[in-house]
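So you know, we letter chains A, B, ... as the sequences are listed, proteins then strands, and number each from 1. All figures in this text were calculated on a predicted structure; none of them were measured in a lab.
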Amino acid sequence: MDMSSHAGTPPASPSYLCGLNESQADAVRTTEGPLLVLAGAGTGKTRVLTTRMAHILASGLAQPWQVLAVTFTNKAAREMRERVAALLDRSVESWWVGTFHATGARMLRGHAELLGLKPAFGILDTDDQLRVIKQLAEARRIDTRKLPPRLFASVIQRWKDRGLTPERVTPAEGADAVDGLALPLYGDYQDRLRALDACDFGDLLLHALALFRDHPEVAERYRQQFHYILVDEYQDTNVAQYLWLRTLAQGHHNVCCVGDDDQSIYSWRGAEIGNILRFERDFPGARIIRLECNYRSTSHILAAASELIAHNRGRLGKTLWTTAAGGDKVAVRATWDGEDEARVVGSEIEALQVQGHPLRQMAVLVRAGFQTREFEERLITIGIPYRVIGGARFYERQEIRDAVAYFRIVVRPDDDLAFERIVNTPKRGLGLASLRSIHQLARGANLPLSAAAARLVASDELKTQARTALARLLADIARWRDMLARTAHPAVARAILDESGYTGMWQADRSPEAAGRLENLKELVVALAEFESLPGFLEHVSLVMDNDEAAGDEKVALMTLHAAKGLEFDTVFLPGWEEGIFPNQRALDEGGTAALEEERRLAYVGLTRARRRAIVSYAASRMVFGTWQNTLPSRFVKELPAANVEQSAPTGLFAARPFRGASDGFARDGFQPDASASSAEPVRLAAEAGGRWPQRRPAPPTIDGRAERTTTRPQPAHPFTVGQRVFHQKFGYGQVRTVDGDRLEIDFEKAGAKTVIHSFVAAA
DNA sequence: TCCCTCCTTGTTTTT
DNA sequence: CAAGGAGGGA
């Protein structure tokens, strides 16, 4: 960089400040002392963060290793590195830019011995955690049917989120949690993790805190090292992360936190909105800079979102504004039921596509994962490509975990969890009985499972069949380990998967998912090749392997509102705005007002994802867990300002008029007959209406028109004929019943009769 | 040891 | 309704 300067006196306006607005530039330039940047949705938060970092480095205030920047996701960390690197035009090796967890792990690896760990300690994922907890719970004779491991896992996780080791949980709280069983189990769990030489995700921070507390000289060293600290998404930090940051920022207090209290949507996993609300008290002399100029959404969308979020009490408050006047109002659509809603959304997507809007600029954002299903089915039917974002992440899938467990046991012979996972996968006749013997010996002789297994093979403890199978597995593992020393690791990986019979297991599997799983295994081997060694790969896999569902190609995105945070689209569909679904009933029951406010923030996040169009919808009745329920429009619908909203409903369904400000019972407001009825009988009207919405609805015009159009479309060339056996990614195997242009009616073996577009099926 | 059937239980999710 | 877990029977 050509802007030379003395530390502390950067040039008045270096080039990278160009194009920043007043407050953005202020946030970049205010390098000394605690700073909270309250960045509303779409106000250029990432740009400020990256420019600020570039500024600190370019003006010589600090060297790269003296700046600590933490994020929550690998994606955010990667983006930060790339953007700063681009601004500075230099490489980013050895920078301290990473997630809280990755940074914690890095610190722990450097001082593992102080904590009784080895530097190469393992990192457990959620699945491993649950297995361990289940074993320990059973050892304590806890009925894991009535008290499932997940319950204990979440209690323990919450304690870790708050920076509490077992000794620091107060007896009163311990006695309260899960009949007093959780606290002793927490102790067992931590002991077991040590024995396994492993950490779970929470430990990466918890142990770092212990390290700072018990070894002040280490904390001091880091404090000396990091002259500047930057934190992204501060509203999502938990207590442990807060304590960690405070420790590191002690002394210079050059800590810059960027966040938005209105987008705090993770309290249920320990995020403490109080951290951001308390910032000024926690860091005396702190400055707060608000970024309020929104560069994303049109004025109607912004006004609607702002008005909605203004219903929350616990917030710092911001006034977002935009210069982009005009645009469409927020659309609110009443529909008959879930199917109708999916149809309405589908037609709207089609219409936009016809007008030339790219599919990749459209998203359907739902409250809960299962809600994507109806939209998927509709989009498949009308032949619109889509992508479901979120779901099971790549490395969380069963086949990937199994494969990784094989790699782990080959690399680390004493990895008990990995051994347990693969010992009878694929089935090789090693059941509970054999496993119990192995465990017994391992515990008695204090051996890792694989060593215990080896001893057992040399004895007559096991039945011949089990002994042969186990001997073979151990020999295989030894051979693969040997092979690793001489052969390229992707080849070894392939050999492991083939020779263990794991690939064969899926090849023999006739279920619809098997093909996808084999694909994933191939992908895994490809990913593997990008690392220099198998251990190198394993180091990364637990912490930094996200599934890049690259938003490149032409597909509509389907995801939860949570998954949508940080993203933006031209058009955003927000279906399912009904009481009970959104706001979610269970959240309300458990969390009261605080939970309602979080649900409202979620609605705010949803609306502010939209650049040009936001389409909210709700259904009058919906199938919930197998039964039909009449539903009421979400209170959030009513909280949208009438001036920025345009609503519509199909004829026959009462138009929603949730905007008249009467506060007693949005039910009446929501579903009042359009012009005829007075507001005299709210309760009865709602009840009556509830009973009156017919399950059979008028034939939707769009469908008929569409069906006619398709028959007149030129017959596309495709190879499918009646009676043919075909395979569908989602529905599995089936037989073609009728062919109508590009539409095939297929009897699926598992999914029943469906009409699908030919391009979604393959000959079986 | 494995497979099938019955029963329960249904948010949000990164690392 | 649908999936996943547990327990019983072969």
Side-chain angles (χ1 to χ4, degrees), chain A residues 70-77 98-105 123-130 134 138 143-146 148-150 154 157 160-161 199-206 233 236-238 240-241 264-271 338 365-374 389-393 395-396 398 424 426-436 463 465-466 469 540-547 559-566 576 580-591 595 598-599 601-602 605-606 622-628 750-752:
Chain A
V70 279
T71 63
F72 275 87
T73 64
N74 292 306
K75 193 176 156 206
T99 63
F100 277 98
H101 296 274
T103 309
I123 296 170
L124 268 62
D125 61 22
T126 320
D127 204 54
D128 295 330
Q129 270 179 61
L130 289 175
K134 188 172 175 212
E138 279 165 356
D143 181 359
T144 52
R145 222 160 23 106
K146 278 169 67 186
R150 339 178 37 100
S154 80
Q157 198 60 62
K160 291 191 175 181
D161 288 340
C199 288
D200 68 10
F201 289 122
D203 284 342
L204 296 176
L205 283 155
L206 197 65
E233 308 277 21
D236 289 337
T237 51
N238 60 34
Q241 286 155 342
S264 164
I265 54 176
Y266 284 112
S267 72
W268 49 272
R269 70 176 195 211
L365 310 183
V366 294
R367 174 69 237 274
F370 69 86
Q371 291 175 268
T372 59
R373 220 200 67 212
E374 275 176 317
I389 301 189
R393 271 165 298 286
Y395 67 89
E396 273 177 12
Q398 188 192 338
N424 198 31
K427 302 255 182 299
R428 42 175 79 90
L430 293 163
L432 233 57
S434 320
L435 208 56
R436 202 171 299 133
K463 291 193 195 143
Q465 220 184 349
H540 271 250
V541 79
S542 47
L543 273 182
V544 280
M545 194 155 145
D546 38 15
N547 50 334
M559 68 186 103
T560 63
L561 288 159
H562 283 94
K565 195 170 95 171
I581 292 185
F582 189 38
N584 178 278
Q585 191 56 49
R586 192 159 154 183
L588 259 39
D589 292 345
E590 283 169 17
E598 182 148 317
E599 295 286 301
R601 290 193 289 270
L602 209 42
V605 167
R622 195 176 284 277
M623 178 81 113
V624 185
F625 300 141
T627 47
W628 282 97
K750 292 254 164 67

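- Among the atoms of the strands shown, only primed sugar atoms or phosphate atoms (P, OP1, OP2) are found under 4.0 Å from some heavy atom of A:Phe72.
- Ring planes of A:Phe72 and A:Phe100: tilted class, angle from 30 to 60°.
- Residue A:Gly202 is classed as having no contact, given no heavy-atom separation below 4.0 Å to the nucleic acid.
- We find that CD of A:Glu374 is positioned 12 Å from C1' of C:dC1, with the value rounded to whole Å.
- Expressed to the nearest 0.5 Å, how far CZ of A:Arg269 lies from OG of A:Ser154 amounts to 14.0 Å.
- For the residue pair A:Asp125 / A:Gln129, no side-chain donor-acceptor distance below 3.5 Å is found, with atom types taken as modelled.
- Across B:dG10, B:dT13, C:dA2, the shortest atom-to-atom separation from the side chain of A:Arg269 is found for B:dT13.
- Phosphate contact (OP1/OP2 of B:dT12, side-chain N/O of A:Asn584, threshold under 4.0 Å): absent.
- Going from atom CD of A:Glu138 over to atom P of C:dG5 covers 13 Å, rounded to whole Å.
- Residue-level contact check: A:Asp200 touches neither bases nor backbone, having no heavy atom under 4.0 Å from any strand.
- Considering every non-hydrogen atom in both A:Leu430 and A:Ala466, the closest pair reads CD2-O, 3.5 Å.
- Taking the six-membered ring where the residue is Trp, A:Trp268 and A:His562 present perpendicular rings, their angle passing 60° and hence far from 30°.
- At a threshold of 4.0 angstrom between heavy atoms, the contacts of A:Thr126 include nucleobase atoms, whether or not backbone atoms are also involved.
- Here A:Arg145 reaches the OP1 or OP2 of C:dG7: one of its side-chain N or O atoms lies under 4.0 Å away.
- Using a 4.0 Å cut-off, no side-chain N or O of A:Asn238 falls inside it from OP1 or OP2 of B:dT14.
- Atom-to-atom, CG of A:Asn424 to C1' of B:dT1 comes out at 9 Å; the value is rounded to the nearest Å.
- At whole-Å resolution of the value, CZ in A:Phe370 and C1' in B:dG10 are 9 Å apart.
- If you check B:dT13, C:dA6, B:dT14 against the side chain of A:Thr73, the one that comes closest is B:dT14.
- Of the listed nucleotides (B:dT13, C:dA6, C:dC1), C:dC1 has the atom at the smallest distance from the side chain of A:Met623.
- Under the stacking definition used here (centres under 5.5 Å, planes under 30°), the residue A:Trp268 qualifies as stacked on the base of B:dT12.
- By the 4.5 Å heavy-atom criterion applied to side chains, A:Lys565 and A:Glu233 are counted as neighbours.
- Protein atom NE2 of A:His101 is 11 Å distant from nucleotide atom P of B:dT14, rounded to whole Å.
- Side-chain N/O atoms of A:Ser434 include one lying less than 4.0 angstrom from OP1 or OP2 on B:dT1.
- At a cut-off of 3.5 angstrom, counting only N and O atoms as typed in the model, there is a donor on one side and an acceptor on the other between the side-chain of A:Arg367 and the base of B:dT12.
- With P as the reference atom, B:dT12 and C:dA3 are 15 Å apart, rounded to whole Å.
- At the phosphate of B:dT13, OP1 or OP2 sits under 4.0 Å from a side-chain N or O atom of A:Thr560.
- The NZ atom of A:Lys146 sits 18 Å away from the P atom of B:dC7 (whole-angstrom rounding).
- Heavy atoms of A:Glu590 sit under 4.0 angstrom from at least one base atom.
- When distances run from any side-chain atom of A:Tyr266 to the nucleotides B:dT13, B:dT15, B:dT12, the shortest one goes to B:dT13.
- With contacts defined as side-chain heavy-atom distances shorter than 4.5 Å, the pair A:Ile581/A:Gln371 qualifies.
- Distances were taken from every side-chain heavy atom of A:Arg586 (C-beta onward) to each of B:dT11, B:dT15, B:dT13; the shortest belongs to B:dT11.
- Comparing A:Arg428 and A:Glu598 by the nucleotide of DNA chain B whose heavy atom lies nearest to each, the residue mapping closer to the 5' end is A:Arg428.
- The nearest heavy atom of DNA chain B to A:Ala433 and to A:Leu204 marks one nucleotide each, and the one closer to the 5' end goes with A:Ala433.
- Checked against B:dT15, C:dA2, B:dC2, the side chain of A:Lys427 finds its nearest nucleotide in B:dC2.
- A:Asp589 has its CG atom 14 Å from the P atom of B:dT11, to the nearest Å.
- Nucleotides B:dT11 and C:dG4 are separated by 12 Å at their P atoms, to the nearest Å.
- At a threshold of 4.0 angstrom between heavy atoms, the contacts of A:Ala587 include nucleobase atoms, whether or not backbone atoms are also involved.
- Atom-to-atom, CZ of A:Arg150 to P of C:dG4 comes out at 12 Å; the value is rounded to the nearest Å.
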